[in-house]
Amino acid sequence: MTDIYLGADRATDVEAAAVDEALRVRGVDAVVQPEGERLYISGRARRLQRRHFLLPALHALQNATGWISPGGINYVAEVLGVPPAEAFGVATFYDLFRTEPPDHDGDTFHVCVDAACQIAGYDDLAASVRASGGHVHLGPCLGQCERAPALFVQGSGGRPDRVPADEEPFELPQADDPSLRLLRRIGVADPESLESYMAHGGYEALRRAGDMGAEAVLEAVAAAGLSGRGGAAFPTGVKWRAVAAETGRPKHVVANCDESEPGTFKDRIVMEHDPFAVIETMTIAGLATGAQNGWIYIRGEYPLATARLQGAIDAARAAGLLGPDAAGTGHDFDIAIWRGAGAYICGEETALFNSLDGFRGEPRNKPPFPTTHGLFGEPTAINNPETLLNVLDIILHGPENYRTRGTERSPGTKLLCLSGKVGRPGLYEVPFGTSLGDLLELAGGVAGTGELQAVLMGGAAGSFVGPDSLDLPLTLEDTRAAGTTLGSGVVMAFDTSVDMTDVVVRIAEFFRDESCGQCVPCRVGAVRQHETLVQMQKRGSLSPARRALIDEMAEVMVDASICGLGHTAASAVRSALSLGLIASAPS
Amino acid sequence: MTGAATVTETAVTITIDGQPVEVTEGSTIHAACVEAGIDTPTLCWAENLTPVNVCRVCVVELEGSRALVPSCSRPAEEGMVVQTDTPRVRHSRRMVLEFLGSGVDLSQADDLHRWMEAYGADPNRYGDEDHPVERVDEPVKVQDELYIRDYSKCVLCYKCVEACGDDAQHTFAIAVAGRGFDARISTEFDVTLPDSACVYCGNCVGVCPTGALQFKTEYDLREVGEWRPEDQTVTRTVCSYCGVGCNLDLHVQDERIVKVTSPSDHSVTSGHLCIKGRFGWQYVHGE
Ligand SMILES: Cc1cc2nc3c(=O)[nH]c(=O)nc-3n(C[C@H](O)[C@H](O)[C@H](O)COP(=O)(O)O)c2cc1C
Ligand code: SF4
Ligand code: SF4
Ligand code: SF4
Ligand code: FES
Ligand code: FES
C-alpha cells in the first residue's frame with residue numbers, strides 16, 4: 001500500500017486501536033491512505049501532510065503498552081507514511097518514550113534530580129516510591145520546583161498520567177494582593193468554567209481587539225514595549241508585525257508551553273489556573289498577525305495543565321469564541337494541543353517546530369527566522385504564555401497605563417519562580433525594578449541557616465549571583481549589566497548549608513543529558529565539561545590548566561553551537577567558579 | 001554550483017579577510033571562500049548534499065553577528081564582512097576538531113588530519129589515566145559482503161542519512177537515533193541491514209568522510225594491512241548495466257577492483273550510484 005519498506009513485525013490490536021483513537025480525535029479519519037490519492041500528491045510531499053501526527057501516535061503507543069514496539073512503529077509508519085527508521089529516530093529522542101520492553105508493568109514514577117529537588121532530598125522521595133513497589137526513573141526538572149521534591153507519574157496500560165501534588169489545594173503566596181496583574185484571576189476564577197472567566201473580565205480584551213483591528217493591536221503591543229518572557233526578551237511587537245506582513249501562505253500562532261528550564265514553573269500555574277487567558281490571548285495574537293492556526297506545544301509532564309487547556313478550548317469553541325469568525329471578530333482561528341515527550345531542547349523555538357512537525361527535536365540554523373519559516377516552514381508567531389498574558393492589560397487599559405508599572409526599558413510586571421531555600425517558595429508577580437533582596441523578603445526570606453550563599457538566576461541556562469547582589473534591580477537592563485539574566489524568571493536561593501559543588505555538577509550533567517547531539521561544540525563540549533567537573537569533585541580541586549580548559553570549552557560552545565542550549569551550557573558553571581562557590585584553587 | 005557571476009546572474013560582493021569577492025546571489029560564504037582561494041575546512045558539507053551545518057568546523061566571523069556562522073550554509077549577502085582567520089575562528093575550529101578526536105576514532109579521516117595539525121588540535125588533553133573520557137565505542141557491524149559500519153569512527157555528519165534519504169536514494173533506511181552524545185546512525189530498532197529497507201546502493205559509503213562506512217573489500221584489506229591507496233589506479237568508465245550513463249571510477253589494486261565510486265560533480269550521478277554499478281563488478285573477477 002505504501003512505498004515504504006516495513007519489516008515483519010505487526011502491531012497488536014491494542015496498539016493499533018490506541019493509534020487509531022489518537023488520530024481520530026485529531027480528525028484523521030482515513031487511516032488507510034486511499035490508493036487514488038497518490039495520483040496527484042505523491043512521495044515525500046504526501047507524507048509530510050500527515051507527519052505531524054507522529055508525536056501523538058507515539059504517545060498513544062507508549063501509554064497503551066509502556067513502550068513503543070517494532071510492530072507499533074511499523075503500524076504508525078504505514079498509517080502516516082513515515083519511514084520506520086525515521087519514526088524510530090524520533091521515538092528515541094524523547095525521555096518519556098521507551099523502545100525496549102519494560103521490565104515492570106506498572107506506571108513509571110519520574111523523580112526530579114535538579115537543583116531545587118536535589119537540596120530538598122529527592123533521594124528520600126525516590127526511596128519511598130521504591131519501597132512501595134513503584135518503578136522510579138530519575139530525570140530532569142518537572143516544573144514543580146516550588147513543591148520540591150517533585151514527582152510525575154507516567155501512566156501505562158492505558159492509565160492516565162498524573163501528578164500526585166495536583167490533588168492538594170492550591171494557593172498563591174500573594175493571594176488577595178490587589179496589585180497583581182497577570183495573576184489576578186488565579187485562585188479567584190474557576191479554571192474549568194468559561195462563565196466564571198467571563199465574570200472576571202474574560203474575553204473583554206478580545207472583543208476590544210476585534211473593534212480596534214489588527215493594526216491598532218500591533219501598535220499597542222509595540223508601544224507598550226512588551227518583550228518575550230520565554231528567555232530571550234525579544235520585542236513582541238516586532239515579531240508580530242513581521243508575521244502580519246507575510247502574505248500568501250498559511251500562518252501560525254504557537255504558545256510555547258514546553259517550560260523545561262530547571263527552576264521554572266510559572267507557565268504551569270498560569271495554564272492550570274487561568275487557562276482561558278492563554279486561549280484568549282492566542283486568539284488576539286491570531287487576529288493581530290492574521291494567523292488562523294493556533295498550536296499549544298506543552299511539555300508531556302503537565303497533565304493537569306493539558307486537561308484544563310483542552311477544557312478551555314472545547315468550551316470556547318462551543319461558545320463560538322474559537323472557530324470560524326471567532327468571537328465575532330471576523331477572523332477564523334482555532335487551537336490544537338500537541339504534547340511534548342520529555343526533551344528540554346524542544347522549548348527552543350525551532351526545535352519545537354521540528355518536534356511538532358514530527359521530526360527529531362533538533363534546532364534549526366537561524367536565519368531564516370520563525371516569522372518567515374516557522375511551523376511547517378510557514379510564518380509563525382511563537383510566544384511564551386506569560387508574554388501572551390501581558391497583552392490583556394495592554395489592550396484593556398492601553399500601553400501608557402501598562403508602562404506605569406516597571407521601568408522605562410523593562411515595562412510591566414514579571415512572574416518570578418521562587419524556589420530553593422526561601423521561606424515561601426512559589427510564584428510571585430512584581431513590577432520590573434523590584435530588588436532581588438526585596439523579592440526574597442516577599443518570599444519569606446532565606447530559609448535553612450538563614451544566611452544566603454548564592455542565588456541561581458534564570459535557571460540552569462542562567463547564572464549564579466552572590467549575597468552582594470541583593471540590591472540588584474530585577475530588570476532586563478540591570479541584570480544584563482550585572483552579567484546575569486532574568487531568563488525564564490527563575491530565582492533559586494541556596495543557603496550556606498548547601499554544597500554548591502553538587503549543584504553545579506548536576507547542572508553540567510543536565511546539559512550533557514539534554515543536548516540534542518546535533519552539533520559538535522555542544523554534543524561533545526557538554527560531556528567534557530561535565531567530566532572535568534566530576535574530576536574536580538573527586539580530586540577536591542581544580543588545577544589552573546583544567547580551569548583554563550573550562551573557559552576554552554565554554555568559548556567554543558558560545559561561539560560555534562547552533563542554538564541557545566550550547567550557548568548557555570557553560571554559563572552557570574563559569575559564574576559558580578568566578579564567585580568561588582566551587583573549588584577553584586589546588587588544595 | 002557556484003562561482004564567479006556571469007552577466008545574466010545577480011552578483012553580490014562580500015569582503016573576506018579584507019579582500020572583495022564577487023559571487024552569484026544565493027552562493028554560500030564557503031563558496032565565496034573557495035572563489036577567493038581561501039582554504040576552509042568542512043566535514044558535514046559536500047557539494048552533492050544539502051548543507052546540514054552541524055559539525056561547525058567551517059565557522060567564520062561575520063561582522064554584526066554575535067556568534068560565529070557556518071560558512072557552508074550561510075548565503076553571502078551584499079556587503080557582508082567576513083573574517084576566516086581570527087583567533088576566535090581558529091579557536092573554534094581547533095576545539096571542534098579536538099572534541100571530535102577525543103570522542104571517536106579519526107584514524108581514517110584522512111582529510112581532517114591536515115586540519116588538526118594546522119590548528120594544533122590535541123584530542124588527548126581531556127582525560128587522564130584516572131579519569132578516562134567517554135568515547136563512542138561500538139563493535140564493527142559486519143552484516144553482509146558489501147559494506148561494513150564502524151560507528152566508533154562516526155562523527156555524526158548526517159551525510160549518509162542525507163544520501164539515503166532526500167538528497168539521493170529516497171530509501172530512508174537509516175536515521176539518527178538517540179540524543180546527545182548517545183546519538184547514533186541506526187536502522188529502526190538497530191535491525192541488520194539485510195532486514196532493513198536498505199537496497200545496497202552504497203551511496204552512504206560513498207559520502208562517509210571517516211571510514212565509518214566502508215566497502216567490505218577495503219575493510220578486509222585494511223584488516224590484513226594490505227590497503228595501499230598509493231598503489232591503486234583509478235579508471236573512469238561508463239556503467240554497462242543500463243542506459244542512464246553513470247560514470248564509474250574503478251579503484252584497482254593488484255589488478256583487482258577494490259572499490260567503485262562516482263565523481264560527485266558528474267551531471268548524471270552527482271556521485272551516487274545503484275547496487276549494480278556500485279557492487280555489480282564482482283563478475284569481473286568471476287566471483
Ligand atoms: C534550550 C532552550 C529552551 C527553551 N525553552 C523555552 C520554553 O520552555 N518556553 C519558552 O517560552 N521559551 C523557551 N525558549 C525560548 C524560545 O526559543 C523562544 O525564544 C520563545 O519561546 C519566544 O517567545 P517569547 O518571545 O514570548 O519569549 C528556549 C530556548 C532555548 C535555547
Ligand atoms: S547547541 Fe546543543 S542542543 Fe543546540 S543544536 Fe547544538 S547540540 Fe543541539
Ligand atoms: S546502501 Fe543505499 S539504501 Fe542502504 S543504507 Fe546506504 S544509502 Fe541507504
Ligand atoms: S557514518 Fe559516516 S557519513 Fe554517516 S554520519 Fe557517521 S561519519 Fe557521517
Ligand atoms: S521540579 Fe525539581 S528542580 Fe524543578
Ligand atoms: S561543514 Fe559547515 S557546519 Fe559542517
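- With a threshold of 4.5 angstrom between heavy atoms, A:L549 approaches chain B through side-chain atoms but not through N, CA, C or O.
- Judged by distance alone, with hydrogens and angles left aside, the side-chain atoms of A:R546 form a donor-acceptor pair with the main-chain N or O of B:Y126 at under 3.5 Å.
- Here B:S92 is the residue among B:P70, B:S92, B:G103, B:S186 with the most heavy-atom pairs under 4.5 Å with chain A.
- Options A:C522, A:A545, A:G517, A:A85 differ in how many heavy-atom pairs under 4.5 Å they form with chain B, and the most are formed by A:A85.
- Among the candidates A:E362, A:H567, A:E100, the residue making the largest number of heavy-atom pairs closer than 4.5 Å to chain B is A:E362.
- A:R539 is listed as a side-chain neighbour of B:H131, based on a closest heavy-atom distance under 4.5 Å.
- Heavy atoms from other residues, nucleotides or ligands lying under 6.0 Å from CD of B:E63 number 12 at most.
- For A:N354 and A:R364, the side-chain atoms include at least one donor-acceptor pair closer than 3.5 Å.
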- Task: Dump the intermediate steps for side chain to side chain contact (heavy atoms under 4.5 Å, CB included) on B:L193 and B:R149, then the final yes or no.
- Result: CA-CA 10 Å; B:L193 282 176; B:R149 297 180 290 157; 3.7 Å; yes

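- In this structure, A:R51 forms a cation-pi arrangement with A:F359, its terminal cationic atom sitting closer than 6.0 Å to the ring centre and no more than 45° off the ring axis.
- Interface remark: B:V69 contributes no atoms to any contact with chain A (heavy atom separation under 4.5 Å).
- Residue B:V176 touches chain A through both its backbone and its side chain, counting heavy-atom pairs closer than 4.5 Å.
- For a residue to count as touching a neighbouring chain, one of its non-hydrogen atoms must lie under 4.5 Å from one of that chain's; by this rule B:R94 touches chain A with the side chain only.
- Only the backbone of B:T187 comes within contact range of chain A, judged by heavy atoms closer than 4.5 Å.
- Contacts between B:P75 and chain A at a heavy-atom distance below 4.5 Å are absent for every atom of the residue.
- In this structure, the portion of B:D195 lying under 4.5 Å from any heavy atom of chain A is its backbone and not its side chain.
- Across A:H530, A:R512, A:R523, a single residue satisfies side chain to side chain contact (heavy atoms under 4.5 Å, CB included) together with B:F181, and that is A:R523.
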- Going through the checks in order, is the side chain to side chain contact (heavy atoms under 4.5 Å, CB included) test met by B:I16 and B:I38? CA-CA 9 Å; B:I16 307 182; B:I38 297 168; 3.4 Å; yes

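- Comparing B:V52, B:V59, B:D130, B:L100 by heavy-atom pairs within less than 4.5 Å of chain A, the highest count is held by B:L100.
- Heavy-atom distances place the side chain of A:E531, and not its backbone, under 4.5 Å from chain B.
- Proximity to chain B involves both the backbone and the side chain of A:D95, based on heavy atoms less than 4.5 angstrom apart.
- Considering B:L213, B:D105, B:V104, B:L156 as possible partners of B:Y151, the one that fulfils the side chain to side chain contact (heavy atoms under 4.5 Å, CB included) test is B:L213.
- Of the atoms belonging to A:A526, not a single heavy atom falls under 4.5 Å from chain B.
- Proximity of a side-chain donor or acceptor of B:S196 to a complementary backbone N or O of B:V191 within less than 3.5 Å is not detected.
- Only the backbone of A:S561 comes within contact range of chain B, with heavy atoms under 4.5 Å apart.
- Only the side chain of B:R74 comes within contact range of chain A, with heavy atoms under 4.5 Å apart.
- For chain A, the option among B:F189, B:Y158, B:F99 with the highest count of heavy-atom pairs below 4.5 Å is B:F189.
- Only the side chain of A:V527 has a heavy atom closer than 4.5 Å to any heavy atom of chain B.
- Residues A:E348 and A:T350 have side chains that bring a donor and an acceptor to within less than 3.5 angstrom of each other.
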